[in-house]
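Okay, structure first, notes after.
Per chain, numbering begins at 1; letters A, B, ... match sequence-line order.
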Amino acid sequence: MNKQIAQVVVGLPVDKPFDYKIDSAFLGNVKIGHRVIVPFQMKKIIGYVVGLKDKSSFSRLRSISKVLDSEPVISNALLELAVKFAERYCCSLGEAIEVFLPTNLKKTKKAVEISADSIFLREKQIDSARSVLICGKPIGQSWPNILKEINAAISKDNGVIVLVPENSKIHEIVNQLKKEIKKEICVLDKQLKGTEELKNWVKVKNGEASIVVGTRSSVFAPVRNLGLIVIINEDSFSYKQDQSPFYHARDVAFMRSKIQSCSVVVFSQTPTAEVFSLAQSKDIDLINLYPKDNLPVQIIDISNYKPRKNSLISIPLYYAIEKTLNERGKILLLMNKKGFSSFGICAKCQYVLKCPRCDVHLTYLFHSKEVVCRQCHYKKKRPEICPNCNSGYLNFSGQGIEKLESQVARIFPSARVSCYDTDTKNFKQNSDVVIATQAVLNFQNKIFDLTAVVQIDGELNRLDYRAAHKAFSLLLHLKNLTKKQMMIQTRLTENYCIQSLVNDDFLEFYNHELSLREEIGYPPFVHIAEIVVRSVKEDAALAQADMLYKSFVNCEFEDMEIFEPQPDRIARLRDQYRFVILIKAKKYEDINKIIKSAFKDTRRKSSTITTVNIDP
DNA sequence: AGCACGCCGACT
DNA sequence: GTCGGCGTGCTC
């Protein structure tokens with residue numbers, strides 16, 4: 001006998017499913033994972049069937065209005081993943097499901113033609129699905145190892161998902177794969193046009209393509225017989241979603257691998273400490289390709305070797321540049337600050353130009369003569385007179401690569417000098433001296449005789465617990481681009497990022513980084529929940545944050561640390577005041593429990609919005 | 001989330 | 001008097 005009641009979740013922050021009657025017309029045609037239209041209050045909305053049963057404790061049941069699509073849009077395995085996802089990232093099951101689906105599916109009430117799973121279902125070969133981290137070398141040299149894993153999956157007739165950090169990288173990877181693989185490759189990306197995204201998704205869902213290449217959301221791709229998920233440049237920040245739910249594609253990949261017993265191949269020259277620790281604890285295999293290359297790395301302590309007055313270039317670096325130029329060599333100078341990065345300050349009253357909507361300085365765009373907010377994209381023409389005292393002139397002094405460029409050009413007038421940052425459109429290949437920001441990560445070839453880090457201390461001194469990894473990654477990448485010699489100007493000569501590089505000791509960095517994180521209590525040893533309360537009204541946001549904090553403290557578990565509300569790093573953003581509460585705990589489950597119970601017994605002040613970001 | 005219901009303050 | 005602000009609770 002067919003079950004007569006469907007449990008339906010909707011894309012709202014409501015935890016429990018709603019029961020609906022299945023009318024005789026649909027009886028037997030409603031399966032778990034089906035998309036349906038249901039009456040909900042005054043409206044008809046899209047919901048997802050997550051369970052079927054015979055009886056409901058609810059007396060006034062309404063009926064499902066329509067069953068959309070020929071088959072369920074969510075498989076049992078992906079539904080199971082959605083449950084885990086909702087728990088880890090503290091959202092409702094309905095919201096989780098909507099994250100998994102193409103944008104168009106949660107809006108269109110048009111049915112989609114999906115072929116039945118059963119045609120394709122077969123016994124997947126479940127051998128020991130070991131996951132592996134491939135690291136130590138750039139992608140070019142690691143590609144054979146990655147390809148080997150992909151081919152192994154394909155030879156077993158399994159599906160593969162290849163995640164890339166940005167959609168600009170999709171083409172490159174697709175072309176690489178096409179050289180070696182005859183199978184149909186499908187691209188998935190939220191940036192695709194809505195219909196295109198849906199079309200490709202349906203193709204994958206129907207088993208017409210078994211290889212998917214795409215950005216972070218492709219980790220949810222409904223690939224048949226999934227055998228492998230590959231993550232390219234795993235340490236890219238792009239794998240973290242920047243809106244609620246703030247998921248991380250790498251973590252979701254590992255969650256999915258447990259459910260579907262598929263492998264995960266993680267690649268990065270410098271993987272995150274989080275993944276490296278998985279390899280160290282033998283949860284995943286490790287292929288460390290790090291080559292000892294005996295390239296000399298020289299540290300220049302700029303507290304001893306003071307550069308000349310106002311100069312960014314120390315005397316030893318000056319001589320090294322001069323020598324290299326004389327030998328007609330190429331030079332790369334790294335300074336992680338964009339050319340126009342500067343702010344306007346009044347010569348008379350010291351007022352600093354600020355964004356009217358955010359608590360940040362406005363940065364000056366040298367070329368367009370505009371001032372812009374990096375946070376909310378507010379912009380206006382550069383004012384000449386101070387808007388505060390209406391009399392002083394505003395000074396805009398550049399501190400970034402453009403300043404360095406002008407200095408180098410002055411010291412070495414015959415050298416061809418050019419700048420490179422993420423905004424550079426036509427880059428001059430034939431320069432003698434290239435001055436670059438972290439955009440050098442785009443360079444792949446060992447073409448520079450001399451490379452030098454002009455400034456890195458800002459990066460090393462950042463409060464963010466991932467700053468050290470980022471600096472190490474940048475330094476190692478620079479080293480790979482170096483033919484003869486590398487120099488680092490710093491005051492932090494004993495810092496382990498720099499020392500590991502000088503000692504040519506890849507493992508030393510990770511061991512040091514992980515022991516620090518364990519000591520201070522950072523991921524992967526504890527998990528962090530960042531709860532942000534925001535509101536146009538400062539007092540409302542603070543009051544709400546205080547109430548939540550008290551409630552958290554009330555239901556505190558063991559092995560947990562709760563930090564009092566404090567203004568966010570950017571205290572006001574887009575006209576909204578922001579307060580942050582941090583919770584540290586060993587287990588995600590405990591974080592979910594405490595947040596659920598605190599939210600339940602704290603009434604939400606209107607005009608405030610609260611978001612939860614796990615491991616921000 | 002979105003919407004209705006209901007309870008208090010300052011207005012034609 | 002009553003219009004509308006926002007706090008509260010519910011959605012099968």
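- We find that the ring of A:Phe58 and the base of C:dC12 stack, their centres lying under 5.5 angstrom apart and their planes tilted less than 30°.
- Counting non-hydrogen atoms under 4.0 angstrom, A:Leu12 reaches a base of the nucleic acid.
- Atom CD1 of A:Ile46 and atom P of B:dA1 are 19 Å apart (whole Å).
- Although no hydrogens or angles enter the test, the distance criterion places a donor-acceptor pair under 3.5 Å between the side chain of A:Lys240 and the main chain of A:Phe246.
- Computed from coordinates, the A:Met547 CE to C:dT8 C1' distance equals 12 Å when rounded to whole Å.
- Atom CG of A:Leu52 is separated from atom C1' of C:dC12 by 15 Å (rounded to the nearest Å).
- For A:Lys43, no side-chain nitrogen or oxygen approaches OP1 or OP2 of B:dG2 to under 4.0 Å.
- In terms of phosphate contacts, A:Arg60 brings no side-chain nitrogen or oxygen within less than 4.0 Å of OP1 or OP2 of C:dC12.
- Rounded to a whole Å, the NZ atom of A:Lys605 is 10 Å from the C1' atom of C:dC6.
- Using a 4.0 Å heavy-atom criterion, one finds that A:Lys21 contacts no nucleic acid atom at all.
- We find that CD of A:Glu98 is positioned 11 Å from C1' of B:dA1, with the value rounded to whole Å.
- Nearest to the side chain of A:Arg603, among C:dT8, C:dT11, B:dA1, sits C:dT8.
- In this structure, A:Lys44 atom NZ and C:dT11 atom P are separated by 19 Å, rounded to whole Å.
- Nucleic acid contact for A:Tyr20: sugar-phosphate only, since backbone atoms but no base atoms lie under 4.0 Å from a heavy atom of the residue.
- For A:Tyr247 and A:Phe85, the distance between ring centers is under 6.0 angstrom.
- Side-chain contact of A:Asp19 with A:Ser56: a donor-acceptor pair under 3.5 Å is present, judged by distance alone.
- Comparing C:dC6, C:dC12, C:dC10 by their nearest atom to the side chain of A:Gln41 picks out C:dC10.
- Here the P atom of nucleotide C:dC10 and the CE atom of A:Met42 are 17 Å apart, to the nearest Å.
- For A:Tyr549 and A:Phe563, the gap between ring centers reaches or exceeds 6.0 Å.
- Between the C1' atom of C:dG9 and the CG atom of A:Asp15 lies a distance of 16 Å, rounded to the nearest Å.
- Using cut-offs of 30° and 60° for the angle between ring planes, the A:His527 and A:Tyr588 rings count as parallel.
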